[in-house]
Amino acid sequence: MSRELAKTYDPSDMEGRLYEKWESSGYFHAEVDRSKKPFTIVMPPPNITGQLHMGHALDNTMQDILIRFKRMQGYNALWQPGTDHASIATEVRVMSELKKQGIDKHELGREKFLERVWDWRREYGGRITKQLRKLGSSCDWQRERFTMDEGCNKAVTRVFVNLYDKGLIYKGARIINWCPVCNTSISDAEVEYVEQPSHLWHIKYPVVGDDGKPSTTEFLTFATTRPETMLGDTAVAVHPDDERYTHLHGRSVWLPIVNKAIPVVEDTYVDMEFGTGVVKITPGHDPNDFEVGKRHNLPIVNVMNDDGTINENGGKYNGMTDMDARAAIVEELKSQGLLVKIEDYSHNVGTHDRCGATIQPLVKQQWFVKMDELIKPAEEGVKNGDIKLVPPRMDRTYFNWTENIRDWCISRQLWWGHRIPAYYCSDCGEMIVAESAPEKCPKCGSVHITQDEDTLDTWFSSALWPFSTLGWPEKTPELDYFYPTDVLVTGYDIIFFWVIRMIFSGYEHMGAKPFSTVLFHGLVRDGQGRKMSKSLGNGIDPLEVIEKYGADALRFTLVTGNAPGNDMRFTDERVEASRNFANKVWNASRFIMMNMEGKNITRPADEDLWPVDRWVLSRLNNVVAEVTDNMEKYELGIAAGKVYDFIYDVLCDWYIEMIKPRFNSDDAKSANAALYTLKSVLIDSLKLLHPFMPFITEEIFCTLTEGDEEREADSIMISSWPVFTKQRQFEEDEAQIELIKEAVRGIRNIRSEMNVPQSKKANVFVVTGDEDVAKAFESGRLFFESLSGAASCTIQSDRSGIDDDAVSVMIANAVIYIPFAELVDIAAEKARLEKELGRLAGEIKRCEGMLSNDKFMSKAPEAKINEEKEKLEKYRQLHVQVSERLDMLKKR
RNA sequence: GGGAUCAUAGCUCAGCUGGGAGAGCAUUCGCUUGACGUGCGAAAGGUCACAGGUUCGAGCCCUGUUGGUCCCACCA
């Protein structure tokens with residue numbers, strides 16, 4: 001051993017160094033190689049404005065675990081990274097930077113502003129990818145992409161033109177969600193409804209009489225949450241079957257303040273049960289009213305400016321904010337005697353998920369993607385299993401959206417983003433949608449062409465991510481080889497924004513699904529179960545955690561003790577536990593290497609292995625099979641737990657302790673067999689742990705195998721994943737060793753109960769008539785003695801020569817006597833045995849009950865019946881042993 | 001209004017297709033055990049929310065109830 005591990009586990013010392021080694025060695029890079037099967041993950045591109053938060057950490061840890069696992073399994077593993085231009089987030093960010101310098105976006109102009117954004121991106125856009133490196137992400141940075149790089153731009157334009165040509169993109173005046181703060185339209189998915197206390201204003205409009213004038217006696221009363229929108233009312237509606245208002249069908253009411261007559265329309269949209277059964281209709285400022293308006297051919301009156309203030313259609317309220325106008329209008333209605341009452345009312349207000357501003361529904365010219373046709377293959381793909389969602393319950397959420405899909409508003413009144421490839425002739429108004437600007441108008445020949453001012457929703461480009469990153473629309477070898485990708489790992493919170501849109505885009509443009517499986521994870525919450533948020537200030541910075549505990553500990557914490565798709569709480573104590581585990585691995589490895597120091601360890605002959613060596617190999621073999629299976633089923637938490645248990649319990653607490661006495665034994669073969677087994681079990685354990693804790697496992701692996709003839713690879717990340725082999729299964733040895741372990745535990749238990757100090761050694765007797773048991777103890781004598789604190793161990797077939805006062809431990813087919821002589825309290829020992837006898841009697845009764853139940857015997861599977869029979873046999877036998885011993889003590 | 005999900009040890013959560021309740025942390029007791037006190041050994045702690053049902057057998061399946069969380073819809 002030419003190198004040694006440092007005395008203490010210090011992640012900060014190694015992590016950066018190892019990452020650099022990996023990246024520069026090209027281990028992350030994947031090339032098209034038809035001799036190998038590809039395994040591909042596309043990284044959900046973090047925003048260039050982003051700072052690594054726990055959500056990213058979880059998301060990328062999971063991806064890295066999968067990709068490292070598959071890479072070790074021999075797949076050609078590609079993890080495709082990149083970043084998202086995040087149009088609105090970035091634009092807002094840069095605008096506020098400029099504001100600090102006293103610069104206004106509009107004064108600067110579009111071109112200059114975009115230059116500033118690109119500058120900003122050059123300076124800060126790479127921050128998040130640096131942070132992802134700290135996590136240990138083994139993505140192919142050589143293939144890093146950006147949603148606004150040349151290739152992605154091309155893909156976006158191509159898709160837009162394709163969809164337009166197919167009639168799946170259209171421009172039209174629809175009611176859209178308008179953010180008066182960001183000054184842009186947003187999609188339905190970006191609206192977040194927040195419950196807010198407000199009022200319900202009950203207002204009455206006079207009915208218009210035959211003379212065309214408002215009646216002074218007859219009124220129609222209704223309730224509204226937004227009285228200011230009355231300025232844009234163009235009707236009131238009642239349900240056609242509502243007998244209270246039959247007499248008003250075909251008539252009109254008088255719209256106060258505006259002073260004009262508006263019709264009473266009949267529409268089933270009205271709920272007769274709610275309020276008075278009358279609804280004022282404002283097609284310009286309410287999505288439902290817009291629909292009603294369309295059905296009844298009502299005019300649309302827009303009373304609002306883009307900044308949310310009342311416009312010239314609001315008459316004297318022109319220029320007021322909506323809230324000021326509301327108060328003033330209510331006051332005016334009151335003075336006219338038209339305000340009936342005001343009730344407290346709590347209702348959901350649509351807000352912009354980015355800035356929190358109240359959304360104004362407005363009618364505007366926007367671009368839309370027609371969804372009803374596009375969504376069909378996406379729906380079908382999940383329905384027929386072409387794409388699998390994990391956990392499967394996510395199907396319901398998915399279908400809930402696909403079944404209620406509405407057209408997607410894709411235009412944004414922003415500058416930072418993909419500009420819509422629509423061009424207009426300034427002379428004749430002709431619109432041309434094309435991949436590049438036409439030189440002249442195809443209709444009138446004019447050269448005065450301007451491009452549409454709007455940009456596209458950020459998610460329009462992210463929807464293409466699985467194939468745009470692989471080169472589409474070019475027919476690249478990468479696209480052919482790596483597409484469809486295998487797994488998409490993401491949070492369930494962006495299923496609507498992103499997952500569905502990638503799926504329908506994949507089917508539409510590639511003719512194939514973008515990925516086979518979507519693995520959802522939950523949210524990372526704080527210790528009290530609250531969402532981590534900037535406003536609450538309860539976010540835990542992953543970088544600080546890495547600084548303090550190491551990336552390995554952070555990663556391990558994020559994937560353990562959690563089921564797929566469930567939220568998790570993140571606490572310092574949990575990271576500490578993970579760090580302690582890493583420390584354990586570190587020290588165990590250090591100890592192993594210490595003992596190998598200066599020795600020439602060679603592969604032992606099969607017959608030189610001891611039962612305990614075969615036991616650990618067999619246990620390892622089983623855990624390899626289980627962990628591999630869990631990984632393949634995306635049960636990362638379970639897999640991590642099993643690796644943890646194996647290393648901690650089987651390897652450290654038992655195996656190492658069991659073979660310690662052999663390290664410096666005179667029997668060179670024994671020492672060699674023990675150390676060789678130990679080393680190979682450690683290597684395989686490190687491999688199983690590597691996807692979860694890449695750094696520590698690499699450091700140990702490299703140190704451990706340095707200069708080793710059998711060294712498999714220069715890095716554990718390109719070594720081979722352990723496989724289950726029948727040759728490594730030794731069931732008999734497993735049973736034997738487990739029996740001895742049981743005896744050890746029994747003795748430790750008694751020592752602890754009776755307060756026998758460690759220094760007090762006793763001569764232990766194993767009494768058994770069973771030759772196999774005798775043999776087992778014979779071969780395990782060495783460690784049995786040391787682990788049970790025995791001075792010596794005598795194995796014999798009867799209890800001759802054993803002190804009557806000895807304490808006893810019963811295991812199957814054997815009684816172990818520990819004569820602690822002066823320490824033993826016979827009364828206590830009797831009580832202990834009585835208690836044990838009672839327990840066994842209970843177990844026997846239970847087994848007998850089951851086995852004498854005809855229905856159980858006829859219906860239960862045979863394996864279960866045999867299992868119960870064996871248990872009964874064992875309990876009966878133990879019962880005999882205990883009662884014999886008890887009788888003996890009683891006779892004295 | 002529709003849907004999802006949770007309720008298991010003091011706390012945070014696992015528990016895969018139904019076959020004798022688990023982990024981590026915390027607690028108690030013991031340990032100068034030659035890798036690790038970021039450690040070792042041991043113990044205590046649970047009518048698996050409640051009520052029914054299916055089954056030879058239910059933490060797990062079904063129905064209902066209660067309480068929490070979340071998503072969607074947006075009755076003005």
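Throughout, a chain's letter reflects where its sequence line sits, starting with A, and its residues are numbered from 1.
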Item checked: First of A:Thr225 and A:Met568 reached from the 5' end of RNA chain B, by closest nucleotide -> A:Met568
Margin query: Using heavy-atom distances to pick each residue's nearest nucleotide on RNA chain B, tell me which of A:Asn580 and A:Arg574 is more 5'.
Written below: A:Arg574
Any base atoms under 4.0 Å from [X], or only sugar-phosphate, or nothing? Heavy atoms, all strands.
X	value
A:Lys280	nothing
A:Asn404	nothing
A:Tyr648	sugar-phosphate
A:Glu576	nothing
A:Asp271	base
A:Phe496	sugar-phosphate
A:Arg406	sugar-phosphate
A:Lys660	base
A:Ala588	base
A:Tyr345	sugar-phosphate

Modelled atom types, side-chain donor and acceptor of [X] and [Y], under 3.5 Å:
X	Y	answer
A:Tyr644	A:Asp649	no
A:Asp267	A:His296	yes
A:Asp322	A:Gln360	yes

If you go through the side-chain atoms of [X], does one of them form a donor-acceptor pair with the base of [N] closer than 3.5 Å?
X	N	answer
A:Glu635	B:rA14	no
A:Asn348	B:rC74	yes
A:Arg579	B:rU38	yes

For [N], does either OP1 or OP2 sit under 4.0 Å from a side-chain N or O belonging to [X]?
X	N	answer
A:Arg393	B:rA4	no
A:Arg569	B:rU12	yes
A:Asn566	B:rC70	no

Next item on the list: Answer yes or no: is there an ion pair linking A:Glu379 with A:Lys383, defined by an N-O contact shorter than 4.0 Å?
Entry: yes
Next item on the list: Look at A:Glu868 together with A:Lys864 and state whether they make a salt bridge at an N to O cut-off of under 4.0 Å.
Entry: yes
With a 3.5 Å limit on both atom pairs, tell me what [N] is paired to, counting Watson-Crick and G-U wobble, or say none.
N	answer
B:rG64	B:rC50
B:rU32	none
B:rC70	B:rG3
B:rC13	B:rG22
B:rG37	none

Next item on the list: Measure from NZ or CZ of A:Lys660 to the centre of the six-membered ring of A:Tyr655, then state whether that distance is under 6.0 Å and the direction lies within 45° of the axis.
Entry: no
To the side chain of [X], which of [options] is closest?
X	options	value
A:Asn400	B:rC72, B:rA35, B:rA76	B:rC72
A:Trp401	B:rU69, B:rC29, B:rA73	B:rA73
A:Arg748	B:rA76, B:rA4, B:rA42	B:rA42

Check: Taking atom P in both B:rA43 and B:rC36, what distance in whole Å separates the two?
Finding: 25 Å
